[in-house]
There are 2 protein chains.
Amino acid sequence: MKKVTINSVAEYAGVSKKTVSRVLNNEPNVSPATREKVLKVFKELDYKPNPIARGLARNKSFIIGCLYDNPSKSYITRVQSGALEACHKFNYNLLIHPCELRGDELIHNVDQLLTTSRLDGLVLTPPFSDSQELIDFLKTQNIPFARVASALEDDTSISVRSNDEQGAYELTEHLISLGHKEIAFIKGHQDHSATEKRFSGYQNALLNHGIEFNEGLVAQGNFSYHSGADSAKQILDLEPMPTAVFASNDYMAAAVLKLATQRQLRVPEDISIAGFDNAPIARHIWPGLTTIAQPVEEMTRQAVEQLILQISDPSTEVYQKVLEAKLITRESTAAK
Amino acid sequence: MKKVTINSVAEYAGVSKKTVSRVLNNEPNVSPATREKVLKVFKELDYKPNPIARGLARNKSFIIGCLYDNPSKSYITRVQSGALEACHKFNYNLLIHPCELRGDELIHNVDQLLTTSRLDGLVLTPPFSDSQELIDFLKTQNIPFARVASALEDDTSISVRSNDEQGAYELTEHLISLGHKEIAFIKGHQDHSATEKRFSGYQNALLNHGIEFNEGLVAQGNFSYHSGADSAKQILDLEPMPTAVFASNDYMAAAVLKLATQRQLRVPEDISIAGFDNAPIARHIWPGLTTIAQPVEEMTRQAVEQLILQISDPSTEVYQKVLEAKLITRESTAAK
DNA sequence: ATGTACTTTGACACCGGTGTCATAATGTCG
DNA sequence: CGACATTATGACACCGGTGTCAAAGTACAT
């Protein structure tokens, strides 16, 4: 079984390889008869153009890179799934690049990635989508990129995010409506812009409902389960103990739930617990966690789709979108 | 900033591009002086060979594909992480390809993937690593591949797995040593060979400790949390209720724990629960799950490393390895 | 000094596509 | 029907590397 290349197709069809190329790329100036003839040969020989050769000629790789550093496995797989959907739609492929670096090392590492892989573009997920440094670097290198879930203001680059502030506001309001006044809050990782957004949603809700903000009820986490466990200890040791805890993501909320249960506290009777993200764990534990669902796949899908559009036509208008977050109530929150 | 190619390097160094190519690939027959000179120019011009051009010339893509269909996000990310480690070591990249298909459609889909991406090899994870059909297809297509966590007997293809049977045996023995005799079992997905291995480990442990196997204590799951919830209902409704439940993975075990807790059963006092895999959820819930830890990253790392070795030298001996699984005891199991 | 074997080097074709441009074929109009 | 514009097609260079092979250079034995 010999390899089927553009040359064999051209020979078999009795035309030049350039004409075959024209048909392949739907270029104009091919007579209907010729086009028909070539297409028939495609079928007959089961011709598949070689993306590598095409990549060399066009200086493109048809590969999008996905940069991430997130402790949440479910978040990552959701991101990948959305990105893949968009990639496959346009015959691109996805290359994943987890990366724990920051600052200079990060830039260097990304530079390395770009030169060794010839990526056509990059999707940035938190916390990289919030790194001004990285964004500046990509701009100087002229690498197309799209930001996912970044609150960073930059209307010159593609951005799709969900409304973290609104989500946190709604969740806090939900707790308040249940009669809670002492609502502890566990913050996320400082490098993520979502951290501040969620925090201010929480603060604004308190403010608008006449509840005084109490710094003492705030713990600093970093989105990891482990940090949630530390914060949980800090919060459950408070006297008086708050009647509700709002953790900036579900893993940290799960850690609070675990410690509370270990301490024989009943959830939600003794204390209400809420998270953020609607990660699988939120419904895998008992009681299920009240949380905020974000359309992670959809965000990433849109971001990558726009990225690819921009790659194929750099004059495309820069896409920026904010999607809604949605409150999901489960058993972990109840009236005080 | 002009592009630095092999031509500019050659010109700048005053040698032919072929000589540059020799230095690049560490080929023999380059005088030390010339080699030195060229290497210096590499540094000076910050030359990075274009992998696409190289790929075209060598008919290689330096990309490994990873095929998976697994409900466990943590398993997937662990697989990816091990695969990436091996890939980066050899300057390969990883392309991920989740795929829900079976049978003919699967074959067709993989065929599509191969022709559109020119992958150099494939890593198969369960359940694909157990698909004789797919393996036969890849062999006819002459695509190098490696199997991860597959119990399928085939000494002509690379395979790295952990000892599922031994793990299940140890875990069951652990429950028996705690005095349990009515140990329910939740099976995994039928397409995964691990399912049968774990089941026979359980059965053998019972047998060797003089406990009669009871078909009525076995529920059919499929590794998903949801199937675990269904099986949990079935098992907890039994009269008399078993004193321990061994689920074939942690998600299903978590589902049993959730239902048990909902029903006000105390774990482990009223019923012991154990899982398999040591997924993050096993330590994120209370009580933490007794389980079996498998070296997923290490399995995949070795599999991909061997795959790449085989790609660069097809005469490499076929690597087959069984790694040990390890019992992790937590709070979810206790004496009867 | 000369022959022989081995090392070093470069010219050139090639991988499988795309871009440029000249030329051939066809269409339009006075 | 001839002049001209437009469409269709192919020859050829090129993308940035690698493989082949011949030629030049070097080492050593005679």
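A note on names: the letters A, B, ... follow the listed sequences, proteins ahead of strands, and every chain is numbered from 1. Only a predicted model underlies this, so the values are computations on that prediction, with no experimental measurement involved.
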Choosing from dG16(D), dT9(C), dA11(D), which nucleotide comes nearest the side chain of V30(B)? dT9(C)
With no angle test and no hydrogens, is the base of dG19(C) tied to the side chain of R22(A) by a donor-acceptor pair under 3.5 Å? no
Measure from NZ on K37(A) to P on dT9(D) and round the result to the nearest Å. 8 Å
Below the 4.0 Å mark, does dG10(C) have OP1 or OP2 next to a side-chain nitrogen or oxygen of T19(B)? yes
Distance below 4.0 Å between R54(B) side-chain N/O and dT18(D) OP1 or OP2: yes
When all nucleic acid strands are considered with a 4.0 Å heavy-atom cut-off, which category describes P28(A): base, sugar-phosphate, or nothing? nothing
To the nearest angstrom, the CG-C1' distance between N59(B) and dG16(C) comes to 10 Å
Whole-Å distance between dC15(C) C1' and R58(B) CZ? 13 Å
Spell out yes or no: do the side chain of K17(B) and the base of dG17(D) have one donor N/O and one acceptor N/O closer than 3.5 Å? yes
For R301(A), is there an ion pair with E305(A) - N to carboxylate O distance below 4.0 angstrom? yes
Quick one: does I96(B)'s side chain get under 4.5 Å of Y68(B)'s, heavy atoms only? yes
Nearest whole Å is fine: how far is dG17(C) P from R118(A) CZ? 20 Å
Mind telling me whether H192(A) and F223(A) have parallel, tilted or perpendicular rings, with 30° and 60° as the class edges? perpendicular
Quick note, S31(B) side chain, CB onward, closest among dG17(C), dG10(C), dT8(C) is dT8(C)
Once you apply a heavy-atom cut-off of 4.0 Å, does N29(B) come out as touching a base, just sugar-phosphate, or nothing? base
Rounded to the Å, how far apart are N7(B) CG and dC14(D) C1'? 11 Å
Which of the following nucleotides, dG16(D), dT9(D), dG16(C), is nearest to the side chain of T34(A)? dT9(D)
Rounded to whole Å, NZ of K60(B) lies from C1' of dG16(D) at a distance of 17 Å
Look at the side chain of K3(A) and decide which nucleotide, out of dC15(C), dT18(C), dG10(C), has an atom nearest to it. dC15(C)
In this structure, how many angstroms lie between the P atom of dT18(C) and the CG atom of L24(A), rounded? 5 Å
Let me know the distance between CG of N26(B) and P of dT18(D), rounded to the nearest Å. 12 Å
When you measure from the side chain of S159(B) to the backbone N and O of A149(B), does any donor-acceptor pair fall under 3.5 Å? no
No-H, no-angle donor-acceptor pair, K18(B) side chain to dG19(D) base, under 3.5 Å: yes
Consider the side chain of E27(A), meaning its heavy atoms from C-beta on, and name the nucleotide among dG10(D), dG17(D), dG19(C) that approaches it most closely. dG19(C)
Considering all heavy atoms of both residues, which atom of A303(B) and which atom of I158(B) are nearest to each other, and what is their separation? O-CG2, 4.3 Å
DNA chain C: R35(B) or I52(A), which has the more 5' nearest nucleotide? R35(B)
For G14(B) and for T5(A), locate the closest nucleotide of DNA chain C by heavy-atom distance; then report the residue assigned to the nucleotide nearer the 5' terminus. G14(B)
Distance-only, no hydrogens or angles: does the T5(A) side chain make a donor-acceptor pair with backbone N or O of N7(A) under 3.5 Å? yes
Side-chain N or O of S21(B) less than 4.0 angstrom from OP1 or OP2 on dT18(D)? yes
Mind checking V20(B) for me? I need base, sugar-phosphate or nothing, with any heavy atom below 4.0 Å counting as a touch. nothing
